[in-house]
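Below: one structure, written as structure tokens.
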Amino acid sequence: MAVAQDHASPEGRSSSPFWTIARRDSLAGFLFIAPQLVGIIVFVLIPLGLVFWYSLHEWNVLANTFTYTGAQNYQMLIEDSNLLEVLGATAVFSAGLVVFNLSLALLLAILLNQRLAGITIFRTLFFSPVVVSLVAWTIVWGFLLQKNGGINGMLQVLGIEGPNWLREETTAMISVIVVQVFKNVGLNMILFLAALQGVPNELYEAARVDGAPRFKQFRRITLPLISPTILLTSIITIVGSLQVFAQIAVLTQGGPGLSTTVLVYYLYQQAFQFHFFGYGSTLSILLFLIVAVLTFAQWQMRKRIVFYES
Amino acid sequence: MKAELSPRLKTFLYGLMCVLLIPFVFPTWWMATSSVKPISDIFAFPPQLIPESYDWTTYSKVFELQPFVQQYWNSAYIAAVVTIGTMAVSSMAGYAFARIRFPFANTIFMIVLLGLLIPSEVTIVPLFRMFLKAGMVNTHWPLILVPIFGAPSVFATFVMRQFFVTLPAELEEAARVDGLGRFKIFRMIALPLAKPALASVAIFTFLHSWNLFLEPIVFLSSAEKFTLPQALTQYTDAYGGPMWNIQLAAATLTALPVLIVFIIAQKQFVEGLAHTGLKG
Amino acid sequence: MAEVTLSDVRKSYGAVDIIHGVDLGINDGEFVVLVGPSGCGKSTLLRMIAGLETISGGEVKIGGRVVNDLDPKDRDIAMVFQNYALYPHMTVATNMGFSLEHRGGGKAEIAERVKWAADILGLAPLLDRYPRQLSGGQRQRVAMGRAIVRNPQVFLFDEPLSNLDAKLRVVMRGEIKSLHQKLRTTTVYVTHDQVEAMTMADKIVVLNGGRVEQIGAPLDLYDRPANQFVAGFIGSPAMNFLTGMITAEGFAAPGILLPLPESAHKFRARKAIYGIRPEHFVLDSSGVPAEIVLVEPMGSETQVTMKLGETQITGVFRERVSLSPGATIRVRPDINTAHLFAADDGQRLN
């Protein structure tokens, strides 16, 4: 370190060292972000570029051939008679999941926000499925949802003949949604709970002084003030719903028929079960576009529905 | 303070919560109890909420049919390495984005945030080919490298950045006057104060790695390399049907340790994750 | 210990100039206060001396050495921050010894220095506590302890008392001053509070809009402010200003004629500003009439808002004025303490 540079230059200034404070800081900054930046380039950006490249090719793993096929995979995408059904299943799954998840999460958060003794125990229990291994959770639900499983057993005790949940199209879809919601709703629940606790109490007191009834307080004060959290959780949940794979693979394998074959599962089947890697890449691009459009749309919505931002 | 609730309303709320709890708590109970029932009892009617007789041999079958200890170790060490690695990568990057002025910082931050937009499912095919060419298929490298450096760590970086932004600048200035350089400020001042944020990063990173399913079944092909989620689905009979009691026993062994840690440290879990959500 | 010299120091963020060439000499052992309204650049200037802000132009010397490109740690300065900046995860002792640890001090030596500083500041019983367990005044003392422990050439204080309540502020003011008298270390102290500046400084630097308005001893600034800004900034309640014309008969402000000192006659027929401090009025039946607007008794003195002609002014009287608003009293400005400023640029005339 150049300390005590007293031999001043003619103007009375010592000459500046090359490694000024700002330069050293810049170097430190680059070093600090280097692992993350390189990682993103190698494991995200380059693969993303490759997905486009692969979608123009057919790759045969066994023969180890990689041939250019032009827009053939895209042609296939348009002509794929399964695709519409897959996209329909994806839409139903995501929409059902988001609606059910967010409304249940909000309901639970409101309940947990009440001043009741032992509320922490309830919070812990509602949250517990989040930390249960995903596949373990799915397996036990699969077990419960068997034709002669626990759920139908209970229903039978009540004199109700239950359906074969995972083998009928409608109930299979409902089942995968429900299993996923109960697994992860705890996360959104605590986000909502934190948001509810962040609403200043004076606002409710002011509303009570103004004579606003409870449901009106909720609609006019609570909802607007937690709207940023609602938006945030809906983005996380929607994007997350498009990535749901294990539950489908374990519970229904996409069936019956294609009724629960969501896009990720279809992509996996095409690429890794049928080894259509080129077509799998094309489906990846479709998935990427859907995620990007949804995220963008929701950020745009922020301007309109979010009343308040912290 | 909030208005006091009437006793009737209180009873109603407790009742409602107890009913709502059933689908959250019952499956775990059912999993644990069914795993110790004799095979003849697990589909018995009426359902046995408490086992009437016990059969512990299922648990020894879990270890006989697959190298379950090895698989357990695989999952545990991969999750540990991924968690520590992600904490290191994301705390450094998050710190730099929040605290250090360097050229193109904002542009680079936007590029990194793109990772949030690109779930690893989208890039699974090229990742598979990359790792195949690198001779890393059927090794644990893809399950370690991609989460630490790729898309999954971006959220962690974002959480860390949001935390460091709130750290008072004066503390770092005091440290500079006290004679610390950037790295020492990070290590001795910023990082020790970031413990709450690091804890939440650790929790969600661990759970993410612990639950990984698509990647293992894409990249791993031999039983001694499997991770737990994948191993659980392998307890099937000759016709491919699940051997329920064994699956449930293995599932119980998988779920229980994390569940116990959670119950001991539930405050840190819940508040840690709520914290990331608020900021994220 | 050392002298600090600033020559033509400038700071700009992009095209925006924050500091417009400041020249300032601080003698060895001097207590200098930088004072001014918020946004005047006083903190920026201090941080440039500390090395926490880069210097866009000019030169900062500490102890004869140009420090423009040196890291804070190489400038041999210590700083006390507005929010104390104590490391929350370290005990008081560790906080105080932290800088010595990074300058390669031995364990025994550090402990000795920390004990020395703790004894001076009365912190000895608190050494094992954490900052969160301390009161505001104690934190303030630890922050000072951390600064003195190193025996630096210069102390820098950045509005250190602004987070304390009024009573504690007075106590700490005294402590900082007596600490300086004990250690005689060159000190640069930033505040927006002119009372702090008056009571603590050997030399005050009044800054406004990134420029030095006046440098001088506290009472010199009070008695002979160089311009209207300094006149209005130093002193509480603030100086009264009346706009008008200097005439042969006196100072003609709207609706009133005020007496002028002899010396003022050379500025005859000039538009000017007449400045008079509230404490420089006396109740005198031969004085000018003033209509009372508001009476605020403080006990020791009485503050009276009144109309002198058409201008509303403040007067402070040792006497108890028991009059109600609307009444008229007669007051006489002490002409020897009247200040005259040019109407155009606010510079002092007399």
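As the structure is a computational prediction, the values presented were derived from the model and not from experiment.
Using a 4.5 Å cut-off between heavy atoms, Tyr268(A) contacts chain B through its side chain alone, with no backbone atom that close. Interface remark: Leu27(A) contributes no atoms to any contact with chain B (heavy atom separation under 4.5 Å). Leu187(A) touches chain B through its side chain: at least one heavy atom from C-beta onward sits under 4.5 Å away, while N, CA, C and O do not. Contact annotation for Phe206(B): neither backbone nor side-chain heavy atoms come within less than 4.5 Å of a heavy atom of chain A. In this structure, the portions of Leu116(A) lying under 4.5 Å from any heavy atom of chain B include both its backbone and its side chain. For Leu31(A), the parts lying under 4.5 angstrom from a heavy atom of chain B are both the backbone and the side chain. Contacts between Gln146(A) and chain B at a heavy-atom distance below 4.5 Å involve the side chain alone, from C-beta outward. Only the side chain of Ile119(A) has a heavy atom closer than 4.5 Å to any heavy atom of chain B. For Phe43(B), the parts sitting under 4.5 Å from any heavy atom of chain A are the backbone and the side chain alike. Proximity to chain B (any heavy atom under 4.5 Å) is restricted, for Val250(A), to the side chain, taken from C-beta onward. For Phe109(B), no part sits under 4.5 Å from any heavy atom of chain A, backbone or side chain. Contacts between Ala34(A) and chain B at a heavy-atom distance below 4.5 Å are absent for every atom of the residue. Leu45(A) touches chain B through its side chain: at least one heavy atom from C-beta onward sits under 4.5 Å away, while N, CA, C and O do not. Contacts of Val25(B) with chain A are made by side-chain atoms alone, with heavy-atom separations under 4.5 Å and no backbone atom involved. Contact of Ile203(B) with chain A is not made at all, since no heavy-atom distance falls under 4.5 Å. Residue Trp137(A) touches chain B through its side chain alone, counting heavy-atom pairs closer than 4.5 Å.
Two rings, from Phe127(A) and Phe262(B), have their centers less than 6.0 Å apart. Between Phe30(A) and Phe104(B), the ring centre distance reaches or exceeds 6.0 Å. Ring centroid separation for the pair Phe97(B) and Phe32(A) does not come in under the 6.0 Å cut-off.
Counting heavy atoms from C-beta on, the side chains of Trp244(B) and Ile139(A) come closer than 4.5 Å. Using a 4.5 Å heavy-atom threshold, the side chains of Leu144(A) and Pro27(B) count as touching. Leu263(A) places none of its side-chain heavy atoms less than 4.5 Å from the side chain of Glu121(B). Considering only heavy atoms from C-beta on, Leu112(A) comes within 4.5 Å of Met17(B) through its side chain. Counting heavy atoms from C-beta on, the side chains of Asn211(B) and Val135(A) never come closer than 4.5 Å.
Of the possible polar contacts, none joining the Ser26(A) side chain to the Phe102(B) backbone as a donor-acceptor pair under 3.5 Å is found.
Between atom CD1 of residue Ile110(A) and atom CG of residue Leu13(B) there is a gap of 11.0 Å, rounded to the nearest 0.5 Å. Atom CZ of Phe182(A) and atom CG of Leu20(B) lie 8.0 Å apart (nearest 0.5 Å). Note that OG of Ser133(A) is 11.0 Å distant from CG of Leu259(B), once rounded to the nearest 0.5 Å. Taken to the nearest 0.5 Å, the CD1 atom of Ile111(B) stands 7.0 Å off from the CD1 atom of Ile41(A).
Closest approach of Val131(A) and Val258(B) over heavy atoms only: O-CG1, 3.4 Å. Counting all heavy atoms, side chain and backbone alike, Val125(B) lies closest to Ala271(A) at CG2-CB, 3.9 Å.
Using a 4.0 Å cut-off between charged nitrogen and carboxylate oxygen, Arg101(B) and Asp25(A) do not count as a salt-bridge pair.
For Leu203(A), the CG atom counts as densely surrounded, since its 6.0 Å shell holds more than 12 non-hydrogen atoms of other residues, nucleotides or ligands.
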Hey, mind stepping through Val291(A) and Val122(B) against side-chain contact (heavy atoms from CB on, under 4.5 Å) and telling me if it holds? CA-CA 10 Å; Val291(A) 172; Val122(B) 167; 5.5 Å; no
Can Gln36(A) and Ser153(B) be said to form a side-chain hydrogen bond (donor to acceptor under 3.5 Å, both in side chains), step by step? CA-CA 8 Å; Gln36(A) 176 84 87; Ser153(B) 67; 3.0 Å; yes
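Relative to the six-membered ring of Phe66(A), Arg129(B) meets both conditions, a distance below 6.0 Å and an angle of at most 45° to the axis.
At a heavy-atom cut-off of under 4.5 Å, chain A is reached by Ala251(B), Thr254(B), Ala255(B) from residues 249-256 of chain B, listed in order of number.
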